[in-house]
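Reading through the structure tokens given below for one structure.
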Amino acid sequence: MTIKLYNSLTRKKEDFEPSTPGKVTMYVCGPTVYALSHIGHARSAVSFDSIQRFLRYRGFEVKYARNYTDVDDKIINKANEEGVPPQELAERFIKAFDDDMAALHVQLPDIRPKATESIEKIINVTGSLIKKGAAYEIDGDVYYSVRSKKDYGKLSGKNIDDLESGARVDVDERKKDPLDFALWKASKPGEPFWESPWGKGRPGWHIECTAMVMEWLGETIDIHGGGKDLIFPHHENEIAQSEAATGKAPYVKYWLHNGFVNIEKEKMSKSLGNILNIRDALVDHTAEAIRLFLLSSHYRSPIDYTRESLRDAESAVERFYKTVQRVSEEFPNVLEAEFCHSCIQDKLDEAFSPMEDDFNTAEVVGNLFKEMTRMNKALDEAKATGSRKGVWEELSYSLGIIKEASKFLGIFDRTPEEYFKDKNSRAAVPAEEVERLINERNEARKNKDFARADAIRKELLDKGILLEDSAKGTTWSVKTQ
RNA sequence: GGCGGCGUACCCAAGUGGCAAGGGAGCAGUCUGCAAAACUGCCAUCCAGCGGUUCGAAUCCGCUCGCCGCCUCCA
């Protein structure tokens, strides 16, 4: 089956045919490292993580790069505020970003270039653009001339004249055209700088991605991803300067852009003060619930982060682990056995086919939940009839499908013990205290003092802890809220 | 103003020409000291509205209404 994907450049769904059959070069815009990463960064990272995982799952040899923008005005400003060197600040937030990504089970890209490590390439590309007449130098700044490229605007569907009538661009009299953008900026005193043919300076924003792509992946690549907001001006400019520099088009064969995460129907923004950092989200929710929430809608759609949506996701994750728990109690050897891959090839193809249609993770998730219902039904049936005939295979097949899907979705890949330990670590009451109260309550139950027993249960429930009695004893868990 | 997108049950969300996936909530049943949890079952003759194309449309086309994003170095 051919993979189809929506290409922002053509605004159409296209068959995916990498320029070298079987091999994929893929670049995704990473964070500017001057603050903690938020849930929007998580969405981009998780979306492209599942995409690159799926391409590998389908047998492509993938070379995947995601950069860190570690030199930028915002970094410099923040560093000055804190009185630390910009590079030190950047390194700190690179570490924080890596930690957040690891927590979300985002695989490490093959290559993680930093802008500051490609300065030489940036200078070379900038120089060649000047030589070709596509860029010009003024007082140590170098600008790209948008009028020099006749198809400027092809990604965002804009044309230069329309943009200028919008007139929201900085008016810099020195520039030939208000839309011309900086490739190289002369450094001001106290700013980090590198020596260049145009004096001491530092790179502009857009040029770094071009340089890193060329340095690590090649002059043209198969897939380039990022948030929707990057379409203009960032990716538009990247195309212009890259194609002008190499004379090769298209610079990127397939452009993929993920949608935004809103918070309670509002755009996340500094001014609204509703930025949700990844690590704050992880205080209340398991990484798996966050990941499921992100993968439960299509990567290009906007999604709304609310308390309810995360609670729903957490309940759904729990449904999976409860089902596995049930299987392990009633048919323990199913979990240990290796499932028969070839027996379920058809089922796998069917369950995963939505991924081939522009990476529709949401539909695959739906298919996995069908498997869970199937397993529970089989278990019920076995219990009711006393016959275990065929049940083992049924369970093994369903679990096999989920296990395979977890390879590219990055969810449902733990044991129930690991999941519940993770979830219960959020308890508001120390575990020893809970255990003590459970014992006290069981004493009361033994003495038929149900009033006392119920009072203890109520007390814990008010603190978000749920007690469940079963034949094997009383267990507790953090209530999903 | 220019460009792009969206509108599917109580909520979230797939489906883009052939009888409307899935999750959450709700209700019922099983279970239980009572519960809770879990599981099972039920839950849109209908896809913002109006026209059109078609044997057949939530899916294609046109118009209307409503919402959102980008055009500010915000993923």
Side-chain angles (χ1 to χ4, degrees), chain A residues 8 11 13 28-32 37-45 47-48 69 72-74 153 155-159 161-170 179 181-182 204-206 225-234 236-237 257-262 265 267-270 275 292-293 296-298 300-304 306 308-320 322-323 325-326 354 357 360-370 372-373 375-377 379-381 383-384 445 448 450-451 453-454 457-458 461 466-471 474-475 477 479-480:
Chain A
S8 302
R11 294 179 199 87
K13 234 180 238 181
V28 172
C29 285
T32 300
S37 327
H38 53 65
I39 192 77
H41 295 107
R43 185 179 196 192
S44 180
S47 297
F48 291 108
T69 296
D72 161 274
D73 288 345
K74 291 190 296 272
L155 177 67
S156 55
K158 300 175 189 307
N159 68 64
D161 297 320
D162 283 348
L163 282 166
E164 284 179 3
S165 64
R168 281 216 267 168
V169 247
D170 275 348
L179 289 171
F181 55 91
W205 178 33
H206 317 298
K228 261 193 165 116
D229 56 319
L230 297 179
I231 292 174
F232 189 88
H234 184 52
E236 193 68 75
N237 292 347
H257 291 101
N258 65 273
F260 265 42
V261 180
N262 295 320
K265 301 251 193 283
K267 186 177 166 173
M268 250 196 294
S269 73
K270 283 238 173 60
I275 306 271
L292 178 66
F293 162 70
S296 288
S297 33
H298 188 93
R300 281 192 288 112
S301 313
I303 48 176
D304 197 28
T306 64
E308 293 71 48
S309 58
L310 261 289
R311 188 206 54 210
D312 288 358
E314 194 79 73
S315 300
V317 172
E318 214 165 321
R319 176 171 155 83
F320 169 69
K322 290 266 188 184
T323 302
Q325 220 163 34
R326 211 182 147 195
D357 185 7
N360 192 336
T361 53
E363 198 176 339
V364 174
V365 167
N367 288 339
L368 300 187
F369 279 100
K370 280 188 220 166
M372 292 176 209
T373 301
M375 286 194 278
N376 279 310
K377 270 184 182 163
L379 290 166
D380 281 1
E381 190 86 4
K383 199 181 249 174
R445 288 173 74 207
K448 303 259 189 255
F450 295 121
D454 290 352
R457 186 166 58 200
K458 174 82 166 49
L461 185 62
L466 204 63
L467 298 187
E468 295 171 41
D469 298 327
S470 77
T474 304
T475 58
S477 61
K479 191 171 185 297
T480 303

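Sequence lines set the chain letters: A, B, ... in the order given, protein chains first and strands last, and positions in each chain run from 1.
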- Query: Would you say C3(B) has OP1 or OP2 under 4.0 Å from some side-chain N or O of Asn159(A)?
  - Reply: no
- Task: Could you say whether Val261(A) or Ile231(A) is positioned toward the 5' end of RNA chain B, judged by the nucleotide with the nearest heavy atom to each?
- Result: Ile231(A)
- Query: Using the C1' atom in both, what is the distance from C42(B) to C63(B), to the nearest Å?
  - Reply: 40 Å
- When rounded to the nearest Å, what value does the distance between P atoms of U53(B) and C61(B) take? 15 Å
- Interatomic distance where NE2 belongs to His206(A) and P belongs to A75(B) [whole Å]: 13 Å
- Message: What's the gap between A20(B) and A57(B) when it is taken at their P atoms, as a whole Å value?
- Response: 12 Å
- Item | Between U59(B) and G49(B) - P atom distance, rounded Å | 10 Å
- Item | Lys/Arg-Asp/Glu bridge criterion (N-O < 4.0 Å) met for Asp380(A), Lys383(A) | no
- Query: What interatomic distance, in whole Å, is found between C1' of U16(B) and the corresponding atom of U54(B)?
  - Reply: 16 Å
- Ser301(A) side chain N/O closer than 4.0 Å to the phosphate oxygens (OP1, OP2) of A14(B)? yes
- Message: Check this for me: Glu308(A), atom CD, are more than 12 non-hydrogen atoms of other residues, nucleotides or ligands nearer than 6.0 Å?
- Response: yes
- Message: Is there a side-chain contact between Lys13(A) and the phosphate of U16(B), meaning an N or O under 4.0 Å from OP1 or OP2?
- Response: no
- Item | Steps toward side-chain hydrogen bond (donor to acceptor under 3.5 Å, both in side chains) verdict (Thr480(A), Glu314(A)) | CA-CA 7 Å; Thr480(A) 303; Glu314(A) 194 79 73; 6.0 Å; no
- Query: Which value, in whole Å, describes the distance between the P atoms of nucleotides G17(B) and A13(B)?
  - Reply: 22 Å
- Output for pair (Asp229(A) CG, Asn258(A) CG), nearest 0.5 Å, gives 8.0 Å
- Any donor-acceptor pair under 3.5 Å linking the side chain of Lys228(A) with the backbone of Phe260(A)? no
- Counting any heavy atom closer than 4.0 Å, what does Lys448(A) reach on the DNA or RNA strands: base, sugar-phosphate only, or nothing? nothing
- Assign the ring pair Trp205(A) / His234(A) to parallel, tilted or perpendicular, where the plane angle (0 to 90°) is split at 30° and 60°. parallel
- Message: If I take atom CE from residue Met372(A) and atom CZ from residue Arg319(A), how far apart are they, to the nearest 0.5 angstrom?
- Response: 7.0 Å
- Task: Could you pick out which residue, Leu467(A) or Lys377(A), lies toward the 5' side of RNA chain B when each is mapped onto its nearest nucleotide?
- Result: Leu467(A)
- Check every strand shown and say whether Gly204(A) touches a base, only sugar-phosphate, or nothing at a heavy-atom separation below 4.0 Å. nothing
- Task: Spell out, as yes or no, whether a donor-acceptor pair under 3.5 Å connects the side chain of Glu236(A) to the backbone of Ser156(A).
- Result: yes
- Note on the structure: Answer for the Watson-Crick or wobble partner of G1(B), both distances under 3.5 Å, is C71(B)
- Task: Begin from the C-alpha positions of Asp357(A) and Glu363(A) and carry the test side chain to side chain contact (heavy atoms under 4.5 Å, CB included) through to its verdict.
- Result: CA-CA 10 Å; Asp357(A) 185 7; Glu363(A) 198 176 339; over 6 Å; no
- Task: Look up atom NZ in Lys458(A) and atom CG in Leu467(A), then write down how far apart they are to the nearest 0.5 Å.
- Result: 13.0 Å
- Query: Is there a Watson-Crick or G-U wobble partner for C50(B) with both distances under 3.5 Å, and if so, which one is it?
  - Reply: G62(B)
- Heavy atoms under 4.0 Å, any strand shown: does Asp380(A) hit a base, just sugar-phosphate, or nothing? sugar-phosphate
- When both distances are under 3.5 Å in a Watson-Crick or G-U wobble arrangement, the nucleotide paired with U16(B) is none
- Item | Whole-Å distance separating the CG atom of Asp357(A) from the P atom of A21(B) | 18 Å
- Item | Pair assignment for C10(B), Watson-Crick or G-U wobble, requiring both distances under 3.5 Å | G24(B)
- Message: I need the CG-C1' distance between Leu179(A) and G2(B), as an integer number of Å.
- Response: 13 Å
- Message: According to a cutoff of under 5.5 Å between the ring centres and under 30° between the ring planes, does Phe260(A) stack with the base of A75(B)?
- Response: yes
- Item | Nucleotide-resolved protein contact map, nucleotides 22-28 of chain B, B/S/- at heavy-atom distance under 4.0 Å | SBS----
Between the protein and nucleotides 30-34 of chain B, which nitrogen or oxygen pairs come in under 3.5 angstrom?
residue : atom : partner   : partner atom : Å
G33(B)  : O6   : Arg441(A) : NH2          : 3.3
G33(B)  : N1   : Asp454(A) : OD1          : 3.1
G33(B)  : N2   : Asp454(A) : OD2          : 3.1
C34(B)  : O2   : Arg457(A) : NH2          : 2.9
C34(B)  : N3   : Arg457(A) : NH1          : 3.3
C34(B)  : N3   : Arg457(A) : NH2          : 3.1
C34(B)  : N4   : Asp469(A) : OD2          : 3.3

- Query: Considering all heavy atoms of both residues, which atom of Ser297(A) and which atom of Arg43(A) are nearest to each other, and what is their separation?
  - Reply: OG-NH2, 4.4 Å
- Item | Inter-nucleotide P distance (G26(B), U64(B)), Å rounded | 43 Å
- Pairwise C1' distance, G15(B) and A75(B) [rounded to whole Å]: 27 Å
- Which one is paired to A38(B), where only Watson-Crick or G-U wobble pairs with both distances under 3.5 angstrom count? U30(B)
- Query: Contact class for Gly40(A) vs. all strands (heavy atom < 4.0 Å): base, sugar-phosphate, or nothing?
  - Reply: base
